[in-house]
Novice: 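Quick one: structure below, then a few questions.
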Amino acid sequence: MKIIDSHMHIVEYINGIGSQGELRALANGMVKYATGQEFRIIPEGMGSTGVTPEELIKLMDKYNVEKGILLQGNYLGFQNLYTFEAISKYPNRFTGAATLDPFSRNKDKIINYLFDELKFKIIKMEVSNGSGLMCNHETVDLNGSLMH
């Protein structure tokens with residue numbers, strides 16, 4: 001039986017944002033919010049301040065996971081180019097979703113680059129108020145023109 005994990009993360013650099021402000025890597029898998037809250041985000045043995053595709057493949061092999069879908073969002077910081085590099089280098093192991101902030105002034109250029117040039121086939125929009133778009137923007141109408 002094929003096992004496909006539909007929710008995986010690789011992280012080149014943690015430089016995210018959430019409802020507690022910026023989130024940045026410390027070391028040994030720990031992170032710190034602008035409020036001072038510290039916690040572990042990377043499991044022990046997976047990396048100190050990031051998670052490489054190679055470390056994730058080792059874990060996938062350990063549990064017989066054939067393929068994974070790489071997701072991202074505001075929480076860790078957007079990883080579009082790192083995700084693109086991983087799916088290009090390991091196309092039989094990963095596919096990935098791109099993400100963007102629809103409030104970006106140049107969103108049309110970003111959309112063009114991610115989907116027309118890099119050929120991403122999936123978009124993942126984190127909209128929660130803890131670590132998604134609504135943590136630092138007004139409430140987003142999911143059926144409104146901005147999200148379309």
Side-chain angles (χ1 to χ4, degrees), residues 1-34 37-137 140 142 146-148:
M1 175 191 334
K2 291 182 182 181
I3 299 174
I4 298 172
D5 189 323
S6 64
H7 189 147
M8 300 180 128
H9 298 282
I10 56 171
V11 185
E12 187 173 25
Y13 305 105
I14 296 173
N15 190 19
I17 189 164
S19 60
Q20 296 187 58
E22 71 177 86
L23 181 70
R24 95 178 267 277
L26 298 174
N28 301 316
M30 300 295 291
V31 292
K32 186 174 189 174
Y33 267 124
Q37 179 188 5
E38 295 181 18
F39 58 97
R40 174 171 299 286
I41 199 165
I42 299 173
E44 289 190 34
M46 289 297 296
S48 179
T49 59
V51 177
T52 67
E54 292 77 16
E55 284 299 320
L56 196 51
I57 287 172
K58 286 180 195 174
L59 188 64
M60 292 167 67
D61 289 346
K62 180 178 177 180
Y63 293 100
N64 299 311
V65 176
E66 185 174 325
K67 193 160 186 164
I69 301 171
L70 301 174
L71 302 178
Q72 53 185 307
N74 297 6
Y75 193 51
L76 300 171
F78 292 171
Q79 308 283 322
N80 287 312
L81 298 179
Y82 196 51
T83 298
F84 174 75
E85 290 169 2
I87 62 179
S88 296
K89 188 173 182 180
Y90 303 105
N92 293 330
R93 300 307 301 268
F94 297 120
T95 192
T99 194
L100 65 120
D101 184 333
F103 291 93
S104 296
R105 291 190 186 274
N106 288 303
K107 71 178 174 239
D108 293 336
K109 289 180 184 178
I110 297 167
I111 289 168
N112 178 65
Y113 182 67
L114 294 175
F115 298 98
D116 294 337
E117 292 185 39
L118 296 183
K119 305 295 185 196
F120 274 98
K121 305 270 189 256
I122 306 168
I123 188 167
K124 186 246 185 188
M125 303 294 285
E126 176 66 40
V127 295
S128 71
N129 59 13
S131 62
L133 293 173
M134 291 188 276
C135 78
N136 59 348
H137 293 298
V140 178
L142 298 180
L146 180 70
M147 293 304 284
H148 283 277

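Numbers for residues simply follow the sequence, beginning at 1. If you're wondering where the values come from, they're calculated on a predicted model, not measured in any experiment.
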Novice: Once rounded to the nearest 0.5 Å, what's the spacing between atom NZ of Lys107 and atom CG of Leu100?
Specialist: 9.0 Å
Novice: Go through the structure and list residues passing salt bridge (Lys or Arg N to Asp or Glu O under 4.0 Å) with Lys124, not counting sequence neighbours.
Specialist: Glu126
Novice: Report yes or no: does Asp101 contribute a side-chain atom to a donor-acceptor pair with the main-chain N or O of Phe103 at less than 3.5 Å?
Specialist: yes
Novice: Distance from Leu26 atom CG to Arg40 atom CZ, nearest 0.5 Å?
Specialist: 10.5 Å
Novice: Between Asp61 and Arg93, is there a salt bridge with N-O shorter than 4.0 Å?
Specialist: yes
Novice: I'd like to know if the side chain of Lys67 reaches the main chain of Pro91, judged simply by a donor and an acceptor atom lying under 3.5 Å from each other, with no hydrogens or angles considered.
Specialist: yes
Novice: Between Met30 and Glu38, what is the shortest heavy-atom contact and its length?
Specialist: CE-C, 4.5 Å
Novice: List the steps, then state whether side chain to side chain contact (heavy atoms under 4.5 Å, CB included) holds for Val31 with Arg24.
Specialist: CA-CA 5 Å; Val31 292; Arg24 95 178 267 277; over 6 Å; no
Novice: Rounded at 0.5 Å granularity, tell me how far NE2 in His9 sits from CG in Leu76.
Specialist: 6.0 Å
Novice: Short question: side chain of Gln72, backbone of Ala97 - any donor-acceptor pair under 3.5 Å?
Specialist: yes
Novice: Can you see which heavy atom on Met125 is nearest to which on Pro102, and at what distance?
Specialist: CE-CD, 3.5 Å
Novice: Between Lys89 and Glu54, is a side chain to side chain contact (heavy atoms under 4.5 Å, CB included) present by the stated rule, with each step listed?
Specialist: CA-CA 10 Å; Lys89 188 173 182 180; Glu54 292 77 16; 3.3 Å; yes
Novice: Looking at every heavy atom in both Gly21 and Ala34, which two are closest together, and how far apart are they?
Specialist: CA-CB, 4.1 Å
Novice: Which pair of heavy atoms, one from Ala27 and one from Thr49, lies closest together, and at what distance?
Specialist: CA-CG2, 4.1 Å
Novice: Which pair of non-hydrogen atoms, one from Leu114 and one from Ala98, has the smallest distance, and what is that distance?
Specialist: CD1-CB, 4.0 Å
Novice: So Phe78 and Ile110, side chain to side chain contact (heavy atoms under 4.5 Å, CB included) or not? Walk me through it.
Specialist: CA-CA 12 Å; Phe78 292 171; Ile110 297 167; over 6 Å; no
Novice: Hey, are the side chains of Gln20 and Gln37 touching, using non-hydrogen atoms and a 4.5 Å cut-off?
Specialist: yes
Novice: Considering only heavy atoms from C-beta outward, does the side chain of Ile87 approach that of Tyr82 to under 4.5 Å?
Specialist: no
Novice: Before giving the answer on side chain to side chain contact (heavy atoms under 4.5 Å, CB included), spell out for Ile4 and Val65 the whole-Å C-alpha distance, their side-chain angles and the decisive distance to 0.1 Å.
Specialist: CA-CA 6 Å; Ile4 298 172; Val65 176; 6.0 Å; no
Novice: Are any non-hydrogen side-chain atoms of Leu59 and Met46 less than 4.5 angstrom apart?
Specialist: yes
Novice: For residues 10-18, please give each side-chain donor-acceptor pair under 3.5 Å, one per line with the distance, not counting sequence neighbours.
Specialist:
none

Novice: Donor-acceptor check, side chain of His7 to backbone of Ile69, threshold 3.5 angstrom: yes or no?
Specialist: no
Novice: Could you tell me how the ring of Tyr75 sits relative to the ring of Tyr33: parallel (under 30°), tilted (30 to 60°) or perpendicular (over 60°)?
Specialist: tilted
Novice: Can you sort out the partners of Tyr113 under side chain to side chain contact (heavy atoms under 4.5 Å, CB included), two or more places apart, ordered by chain and number?
Specialist: Leu81, Glu117, Leu118
Novice: Could you tell me the separation between the CD1 atom of Ile111 and the CD1 atom of Ile123, rounded to the nearest 0.5 Å?
Specialist: 6.5 Å
Novice: Would you compute the distance between atom CG of Leu70 and atom CG of Asn80 and round it to the nearest 0.5 angstrom?
Specialist: 11.5 Å
Novice: How long is the gap from CG on Asn112 to CG on Asn106, to the nearest 0.5 Å?
Specialist: 11.5 Å
Novice: Search all heavy atoms of Gly96 against all heavy atoms of Phe120 and return the closest pair with its distance.
Specialist: O-CD2, 3.4 Å
